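Below: the structure, in structure tokens.
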Amino acid sequence: MKGIKHPRNDETINPSGNASIYDVIDRVDSKRRNFVKGSVGVAALQAAGGLTLSGLVNTVQAGPVPAGLGFPGIGFESVPASVSVTSAPAASAVADRITVPAGYTAELFVAWGDPIMPGGVPFASDASNTAAEQAKQFGAHNDGMAFFPFVGTDGRPSVDRGILAINNEYTPEEILTPAGIAGANLAAVRKSQAAHGVSILEARRRNGKWMVVKNSVYGRRLTANTKTRISGPAAGHALMKANEYLISDTGSQATGRQTDGFTAYGTINNCANGVTPWGTYLTCEENFNGNFGSNTAVPAPTAGEVGKMFNRYGLTKDGFNYKWHTQDPRFDLNVNPNEANLFGWVVEVDPYDPKSVPVKRTALGRFKHESAQYVVDAQGHLAVYMGDDERNEYIYKFVSAGKFNPADRVANRNLLDDGVLYVAKFDADLSGQWLPLLPGTVGVDGVALRDNPNFAGANDAEVLAKILIKTRMAADAVGATMMDRPEWTGARPRIGGFNKIEIYCTLTNNNRRGSSATPSSNKADGTTAAGSARPAVDAANPREDNIYGHIIRWQETGDTVKATTFAWSLFLQAGDTKTTKPAKATNNYKGNIVADPYGSADFGAPDGLWFDPFGRLWVQTDQIGDASGDWKNIGANCMVCADPNTGMARRFLTGPNGCEVTGIAMSPDGKTMWVGVQHPGEDATPSNPELKSRWPANQWGVESDGVTSLPFGRPRSAVVVITKDDGGVIGS
């Protein structure tokens, strides 16, 4: 997630003298070197001059992307970058519309404010919908999503009917209400809270048209005020007990008691997502810190446990200017300091049961969660891979203690409560280690976590609870590798003869990497302010001023998720082949994206990442999206499709002005794809909401159901539905 609500994350904690990736390749053993070379193909690399930056950049394979090991090929040509057009608002240099390849059709499926459940009312283009109305409408700024099919009459997953669970990450205060942020009264705050969370809706195709079943019993909204359950090792801990409030439309009234540590209210800043093999949805709480604030100064970093935690998680007096704390004491850091500890978790939701209570799974750790990608190995062991989306944060893996039982859904429901959380350390020789975050793990200072004052407790159960509540600080203590904003994770399907456990992670950017003559890193004592360090380049993050980002991948040793070591490589470095920016010693800004013609699939700031069931890798981007500054050649945000064997990429979609392309799902037959568009026309004003975008009303008169009309008045985050005109599989 980018947007005006994303922290700038300008600081870091990790001095390193590690050699760059280019210096260490030749020192790698042959097995790992072959894994790295497989990114673009050995023959192509040799022809281009070997495994060097210039060799990678010049490696281009002509012709269509053919089928290969576990990969069916890509059958479309790249759409052009969206730049320098006349059909956009005057403030934009990109087309204010969605573009897809020839032979495909994109339609609007659902947009902010659409009714999705019984009692829902239509979107009011003047933003006059109330909080109560918003609570039955599709939420704002949609992000990660997943499709859960019903079972068809033939006993197979339906390709025409199912449930879409879609995250609603944050809210556009400037256009959410008629008065904008200046009118942040209780009614406005409650509407903002109602637009956060998750939208769960029924999707159905009738007579060839996809539509939202607006009165479905499955329609549901999870908001910032929805009751949730807390489970796992941190549940019940004193730090998970906040002030108790009675929440209503007229305010949040303190009862004078504390919650029990097993109950929380709300899920917020829901960014990326995951699913479980037993058919539940995992929604990930990312920039929760921005929803909090205070009417008075917050505790200093040196002011005990609370001050240190606020500092490490980026909790500040003003937050991201939501101003919830001015109307709702639950979000005032001084009035209710422990409330922030109830956010930053992975939340499990049963989309098939509208009455189920969402569960915050504390065993997966507390940080700015992006996605949660599961893998079940051949022995039935389950792992969940996760990124912490801030500059200089870490990549994690949770491994359950129990095994997945495909024959017993109920037996799997607590697998995410018991296991081990690990954090990744990427070594310069292209090997890596999973460091367990357990009481007995010895930190870089030679002290076990149970003896570290940040986690000390009466027993190991309390120590583990504190480790999970203060996950970032535990990762600091054990010396994990600081990464360039770890975001979505994706597991390559084990199909077509490919049987490795191979995980990919987008590293969106870090313009402070290598920016200081005196590098700094996250201090082992956990005192570094969120995003504040200025790390040196290292093998896994080899570019200074890494404005365009990269994608890293690794394979688990022994093809088991229980492995504590792995081999890794850089899948690609994003960039602009047409850039005129002066090159730096470790960064020419051009990247090494493999495309034909060369430069036809340039992109930067990779964020969303997802493998379809056929083995195609889809990457979505999150940059400024208006072709300004360093993005003048790349233009609007986009989605590309890539071959994991060769790295060959094709640009599949470009988005409207100022948006982020984020969130993706597919029907079981691969013939329908849903893609999210977030915050089009961002930075508009209350007096002129359409200053920078009129999307989606400017592109379509009605939604995909052929009935729901699209009013002008303000841009709306939305989900589009894409099909292939010949009825084939998307991407084929």
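All values derive from a computational prediction rather than experimental measurement.
Using bins of under 30°, 30° to 60° and over 60° for the plane-to-plane angle, the ring pair His679/Tyr170 lands in the tilted bin.
Between Ala424 and Ala480 the shortest heavy-atom distance is O-CB, 3.6 Å. Contact record, Asp596 with Met648: N-SD, 3.9 Å, taken as the closest heavy-atom pair.
Within the 3.5 Å criterion, the main-chain N or O of Ala81 finds no donor-acceptor partner in the side chain of Thr654. Asp612 places a side-chain N or O within donor-acceptor distance of the main-chain N or O of Arg616, the cut-off being under 3.5 Å. With Asp576 contributing its side chain and Lys590 its backbone, the two residues share no donor-acceptor pair below 3.5 Å. Between the side chain of Gln620 and the backbone N or O of Gly663 there is at least one donor-acceptor pair closer than 3.5 Å. Looking at Asp427, its side chain never comes within 3.5 Å of a backbone N or O of Leu430 through a donor-acceptor pair.
In this structure, Asp545 does not pair ionically with Arg513, as no charged nitrogen and carboxylate oxygen lie closer than 4.0 Å. Between Arg472 and Asp388, at least one side-chain nitrogen of the basic residue sits less than 4.0 Å from a carboxylate oxygen of the acidic one, meeting the salt-bridge criterion. Under the 4.0 Å criterion applied to side-chain N and carboxylate O atoms, Arg485 and Glu390 are not assigned as salt-bridge partners. Between Lys632 and Asp630 no salt bridge is recorded (no basic side-chain N to carboxylate O distance below 4.0 Å). For Lys368 and Glu286, the salt-bridge test fails: no basic side-chain N is under 4.0 Å from an acidic carboxylate O.
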- Item | Step-by-step side-chain contact (heavy atoms from CB on, under 4.5 Å) determination, Asn541 to Asn546 | CA-CA 8 Å; Asn541 306 273; Asn546 185 19; 5.8 Å; no
- Task: Dump the intermediate steps for side-chain hydrogen bond (donor to acceptor under 3.5 Å, both in side chains) on Gln433 and Thr565, then the final yes or no.
- Result: CA-CA 4 Å; Gln433 306 170 56; Thr565 59; over 6 Å; no
- Give the C-alpha distance, both sets of side-chain angles, the deciding distance and a yes or no for side-chain hydrogen bond (donor to acceptor under 3.5 Å, both in side chains) between Arg543 and Asn509. CA-CA 10 Å; Arg543 293 196 290 185; Asn509 53 37; over 6 Å; no
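To the nearest 0.5 angstrom, His381 atom NE2 is 8.5 Å from Ser400 atom OG. Once rounded to the nearest 0.5 Å, the distance linking SG of Cys284 with CD of Glu370 reads 7.5 Å.
Side-chain atoms of Asn510 and Asp484 include a donor-acceptor pair closer than 3.5 Å. When only modelled atom types and interatomic distance are considered, Tyr394 and Asp476 share a side-chain donor-acceptor pair under 3.5 Å. Looking only at atom types and distance, the side chain of Thr508 has a donor-acceptor partner in the side chain of Glu487 under 3.5 Å away. Between the side chains of Thr672 and Thr723, not a single donor N or O lies within less than 3.5 Å of an accepting N or O.
A centroid separation of 6.0 Å or more is found between the aromatic rings of Tyr374 and Phe404. A distance below 6.0 Å separates the ring centres of Phe566 and Phe426. The distance between the ring centers of Phe611 and Trp618 does not fall below 6.0 angstrom. For Phe571 and Tyr504, the distance between ring centers is under 6.0 angstrom.
Applying side-chain contact (heavy atoms from CB on, under 4.5 Å) to Leu609 and the options Thr489, Ile664, Thr506 leaves one that passes, Thr506. Considering Ile551, Asp389, Asn273 in turn, Asn273 is the only one that fulfils the side-chain contact (heavy atoms from CB on, under 4.5 Å) rule with Trp488. Each of Asn167, Leu164, Ile166 was checked for a side-chain contact (heavy atoms from CB on, under 4.5 Å) with Tyr281, and the lone residue meeting it is Asn167.
Geometrically, Lys397 does not engage Tyr385 in a cation-pi contact, judged by NZ or CZ lying under 6.0 Å from the ring centre and within 45° of the ring axis. Remark: Arg650 fails to qualify as a cation-pi partner of Phe76 under the 6.0 Å distance and 45° angle criteria applied to the six-membered ring.
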